[in-house]
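Read the structure below first, then the notes.
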2 protein chains.
Amino acid sequence: MLKKRNVMTIGTLAKTAGVGVETVRYYQRRGLMSEPEKPYGGIRHYDEQALARLHFIRASQWLGFSLDEIGELLTLQDGAHCDEARELGEQKLTSVRRKISRLQQIERALNELVQKCSSGHGDVYCPLMASLNDGVEDATTDKHKVR
Amino acid sequence: MLKKRNVMTIGTLAKTAGVGVETVRYYQRRGLMSEPEKPYGGIRHYDEQALARLHFIRASQWLGFSLDEIGELLTLQDGAHCDEARELGEQKLTSVRRKISRLQQIERALNELVQKCSSGHGDVYCPLMASLNDGVEDATTDKHKVR
DNA sequence: CTTAGACCCGTACCTCACTACGGAAGCAAT
DNA sequence: ATTGCTTCCGTAGTGAGGTACGGGTCTAAG
């Protein structure tokens, strides 16, 4: 027998997890959470499993997983699919590392431009603007799509 | 007298700059580029200034500026507004640095999880999943919105 | 008993940077 | 002259992750 402790409405659930009511409903529509049966003509209630699910989703999002990916992770939860989960984690790790190094490139370029602007110059001439006009790409010649 | 050299159609312009025709037209609608007058019933033509503008936009985007911000940068181009430009650059630099350190946090957490999964364990238990269930936040206790 | 505040539900709207669609008209080569 | 690629122009759709609205129903407090 399951004890039903800490029964909550959607509003309490949402507040407890630190998300909006609409967000919970959105996750339900996305299939990331189930909608509990509603008692005849009444109000649905949520338990700690639902709360745990929300925590799982937010933790995964924090790590950079998209909602689609989170859906995938969730299918791995019921079973001993640790290898698959690790695989997903490794892929995400790779993509995070790529993002970091791209941002570090940007950081170097931007820092250089700002430095050049700070050290006095002709006043009718702005090194930052000049670089933007010529196309920046200082650090690495790296053809790519911006998106 | 202005020599009109390298006169291009929108298609040639776009291809030269490495963007789509629709993208150029989109930038015009956004007010980032002007639309040249069109000769009676004919086809508009674009010169090197238009190309330079496109380069400017793409270089700025590469540095992480949004199209709105680029619009702002462009208003600073005609004049000696180097200080304002530098200010914008510094703000962007700050935000880039914030993104980097957030991603580095994620990298540490994710790496740790993946490592734990790789070193053998009970097989009916997945450290990665367990952490997601409990809410990750290893590295820093840092309340924040995911978006 | 009335009223305030949640909840239920579907639908529409938001941001950002594009991308696609469709019909008319122009231009270049065959 | 015909084919076939561009251009022109407005409008609409995409994806991600929600947020907002509005009308109806429930529940708890006074």
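Within every chain, numbering begins at 1; the chains are lettered A, B, ... in the order of the sequence lines, protein sequences first and strands thereafter.
In this structure, CD1 of A:I57 is placed 16 Å from P of D:dA16, rounded to the nearest angstrom. Put simply, CG on B:L32 is 13 Å from P on C:dC16, counting in whole angstrom units. The interatomic distance linking A:F65 (CZ) with D:dG17 (C1') rounds to 17 Å, in whole Å. Put simply, CD on B:E37 is 11 Å from P on D:dC9, counting in whole angstrom units. For the pair B:Q61 CD and C:dA17 C1', the computed distance is 8 Å after rounding to whole Å. Regarding B:Q28, its CD atom lies at a distance of 9 Å from the P atom of D:dC9, rounded to whole Å. Here the P atom of nucleotide D:dG17 and the CD atom of A:E69 are 9 Å apart, to the nearest Å. Atoms CG (A:D68) and P (D:dG15) sit 11 Å apart, rounded to a whole Å.
Between B:T23 and C:dT19, a side-chain N or O to OP1/OP2 separation shorter than 4.0 Å is present. B:Y26 has no side-chain polar atom (N or O) that falls below the 4.0 Å cut-off from OP1 or OP2 of C:dC16. Applying the 4.0 Å criterion to OP1 and OP2 of C:dC18, one finds that B:Y27 has a side-chain N or O inside that range.
Among the heavy atoms of the strands, none lies under 4.0 Å from B:Y40.
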Run the salt bridge (Lys or Arg N to Asp or Glu O under 4.0 Å) check on B:E35 and B:R44 step by step: do they pass? CA-CA 8 Å; B:E35 263 185 292; B:R44 299 177 205 281; 3.5 Å; yes
Determine, step by step, whether B:R97 and A:E107 satisfy the salt bridge (Lys or Arg N to Asp or Glu O under 4.0 Å) criterion, reporting the C-alpha distance in whole Å, the side-chain angles of both residues, the deciding distance to 0.1 Å, and the verdict. CA-CA 7 Å; B:R97 284 176 173 152; A:E107 201 241 300; 2.9 Å; yes
If you apply the rule side chain to side chain donor-acceptor pair (under 3.5 Å), what do you find for B:Q61 with B:R58, and how did you get there? CA-CA 5 Å; B:Q61 269 189 312; B:R58 301 308 271 194; 3.2 Å; yes
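Considering only heavy atoms from C-beta on, A:Y26 stays 4.5 Å or farther from A:L32 through its side chain. Side-chain atoms of A:I57 and A:F65, non-hydrogen and from C-beta on, never get closer than 4.5 Å to each other.
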In 5'-to-3' order, the base (B), backbone-only (S) or no-contact (-) status of each nucleotide in nucleotides 7-13 of chain C, using a 4.0 angstrom heavy-atom cut-off, is SSBB---
Show me the donor-acceptor pairs within less than 3.5 Å that the side chains of residues 7-16 of chain B make with the rest of the protein, sequence neighbours left out.
unit_1, atom_1, unit_2, atom_2, d
B:T9, OG1, B:G11, N, 3.4
B:T9, OG1, B:T12, N, 3.4
B:T9, OG1, B:T12, OG1, 3.0
B:T16, OG1, B:T12, O, 2.6

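Screening residues 62-71 of chain B for salt bridge (charged side-chain N to carboxylate O under 4.0 Å, His left out), with sequence neighbours left out, gives B:R30-B:D68, B:E69-B:K92.
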